[in-house]
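Below is one structure, written out as structure tokens; the observations come after it.
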Amino acid sequence: MPVLQIQPHITPNGGDANMKKRKSLPVPNIVKTYKFGNSTVHIADNFVAKTPDDIKKVLDRYHAAGWAIIEELIAKGEPV
């Protein structure tokens, strides 16, 4: 589930194209807050992928990131 970050994560290929178009994030609709040690996690329901197309995009990015990690480990000769 996506989590709002103060500093948006930028991917190695230049980041999310939508982030470049807007200057700031929309106001999150925080529905749940968790504390883990010194960390606070806010869950915002307006940042959750809801349509099948949006869910597919999230899963595609998730899998692409995983494969990039695996390929980097293989290139370094580390066990996968």
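The figures here come from the full heavy-atom set of this structure, side chains too, leaving out hydrogens, waters and symmetry mates. Index from 1, following the sequence.
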Heavy atoms, side chains only, cut-off 4.5 Å: are D54 and V58 in contact? no
Taking every heavy atom of A49 against every heavy atom of I55, the minimum-distance pair comes out as O-CG1, 3.7 Å
Please tell me whether Y62 and W67 are part of a single hydrophobic cluster in this structure, the criterion being side-chain heavy atoms less than 4.5 Å apart. no
What pairs with E71 under salt bridge (Lys or Arg N to Asp or Glu O under 4.0 Å), at least two apart in sequence or on another chain? none
pair V41-I43: side-chain heavy atoms closer than 4.5 Å: yes
What side-chain donor-acceptor pairs closer than 3.5 Å can you find for residues 30-40, not counting sequence neighbours?
{"unit_1": "T33", "atom_1": "OG1", "unit_2": "H42", "atom_2": "ND1", "d": "3.1"}
{"unit_1": "K35", "atom_1": "NZ", "unit_2": "T40", "atom_2": "OG1", "d": "3.2"}

List in chain and number order the residues that pass side-chain contact (heavy atoms from CB on, under 4.5 Å) with D53, two or more places apart in sequence or in another chain; answer none if no residue qualifies. T51, K57
Enter the distance from N46:CG to N29:CG here, rounded to the nearest 0.5 Å. 5.5 Å
